[in-house]
Amino acid sequence: MSDKVGMVIISHSVKIANGVTDLIGQVITDVPIEVAAGTDDEEIGTSVEKIMNAIKKVDHGNGVVLFYDLGSSKMNAEMAIEFLGKSDVKIADHVPLVEGSYIAAVEANMGKSLDEVITALEKLQLPGM
Amino acid sequence: MTILTVAQTKQWMEEINKRMKEHKEQLTELDQAIGDGDHGINMARGFSEVINKIADTEYDTVADVLKSAAMTLTAKVGGASGPLYGTAFLKMSMALQNKDVNQQNFQAAMEAALEGIKMRGKAEFGEKTMYDVWYQVTAFLKSEKVEDWQEMMEVCQATLEDTREMVATKGRASYLNERSIGHIDPGSMSSFYIFEALVAVLEVEE
């Protein structure tokens with residue numbers, strides 16, 4: 001069990017998601033991180049079911065932050081949260097995947113709360129597409 | 001008067017599936033021009049999964065069929081069309097809960113679907129997306145008592161043509177800016193087929 005905020009890396013591509021967790025894993029090892037990437041058939045795309053399962057795995061009661069790469073992965077992230085009916089799962093909205101998840105992992109590792117992690121990400125926000 | 005029964009709703013899904021298969025290449029070509037080129041494959045796969053799911057299942061209500069379709073589309077379509085069409089059919093299903101599908105209830109369900117697409121896609125009218133087609137169909141349903149469902153197809157056709165001249169500001173096509181002009185929006189095209197399939201099964205209210 002962990003007393004830290006959990007993270008889910010959502011990407012259209014399994015390689016991207018695994019690459020991001022590899023990068024984080026170099027410095028941070030005790031933050032719960034899961035990958036939700038590719039469709040159910042392992043093609044390029046995202047899957048609501050994979051996202052829901054990943055959230056459940058990293059949720060130790062301290063909240064979860066979801067990172068996504070492109071537009072439709074955000075929609076699937078929103079649907080996963082709605083299906084689970086959870087209020088302590090937040091999307092890192094318009095935050096670049098690599099930089100955002102890296103910073104969040106460092107913050108979560110320091111024992112920051114969900115709200116503090118989200119606040120730390122605000123300065124990274126991309127202009128809306 | 002009932003304009004859509006459980007059997008007709010299943011038939012609607014079959015008619016959609018048929019069209020998505022038939023026009024898979026065309027949807028893919030449209031999407032290759034301004035998107036990531038997977039729309040035809042995604043829609044064909046999604047609706048073939050819908051048919052697998054509903055074909056041998058007994059349903060009590062139209063709402064139940066639509067809910068099944070919504071869950072399947074959300075789960076099985078990889079791109080943005082999964083959550084968008086999934087949300088549209090889910091909202092329709094919720095609006096038709098315990099209701100007979102007459103024209104008035106169907107119109108209300110379309111409004112709910114439209115709101116769902118807007119919420120999920122953060123879309124507005126005139127942004128070269130499927131929302132444009134759903135918006136105009138809903139407006140058409142509101143306008144008067146429908147005598148001939150073919151009129152709805154004329155609305156769809158005109159909206160489709162309108163998307164050609166627009167600049168995309170949503171989705172993958174928005175990265176192209178002005179270069180998206182001159183191409184029909186693939187999501188509007190697949191929505192066209194969804195309504196064409198609907199018109200093939202809908203009754204006219206007397």
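Scope of the values below: all heavy atoms of this structure, side chains included, with no hydrogens, waters or symmetry mates. Residue numbers begin at 1 in each chain, while the letters A, B, ... track the order of the sequences.
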Output the distance between atom [atom1] ([X]) and atom [atom2] ([Y]), rounded to the nearest 0.5 Å.
X	Y	atom1	atom2	result
A:Lys74	B:Arg120	NZ	CZ	10.5 Å
B:Asn42	A:Thr39	CG	OG1	8.5 Å
A:Met79	B:Leu90	CE	CG	6.0 Å
A:Glu78	B:Thr87	CD	OG1	8.5 Å
B:Asp36	A:Ser72	CG	OG	7.5 Å

Looking at [X], I'd like to know if its [atom1] atom is crowded, meaning that more than 12 non-hydrogen atoms belonging to other residues, nucleotides or ligands lie closer than 6.0 Å.
X	atom1	answer
B:Met153	CE	yes
A:Lys4	NZ	yes
A:Lys50	NZ	yes
B:Phe195	CZ	yes
B:Phe140	CZ	yes
B:Glu151	CD	yes
B:Lys24	NZ	no

To check you understand the geometry: which heavy-atom pair defines the closest contact between [X] and [Y], and what is its length?
X	Y	answer
B:Thr74	A:Val48	CG2-CG2, 3.4 Å
A:Met75	B:Gly121	CE-CA, 4.1 Å
B:Ala75	A:Asp40	O-OD2, 3.4 Å

Task: A:Glu49/B:Lys76 salt bridge by N-O under 4.0 Å criterion - done: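 Not counted as a salt bridge, because no side-chain N and carboxylate O are separated by less than 4.0 Å.
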TODO: Could you tell me whether the side chain of B:Arg45 reaches within less than 4.5 Å of the side chain of A:Asp41, counting heavy atoms only?
DONE: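 A side-chain contact exists here, since the closest heavy-atom pair is under 4.5 Å.
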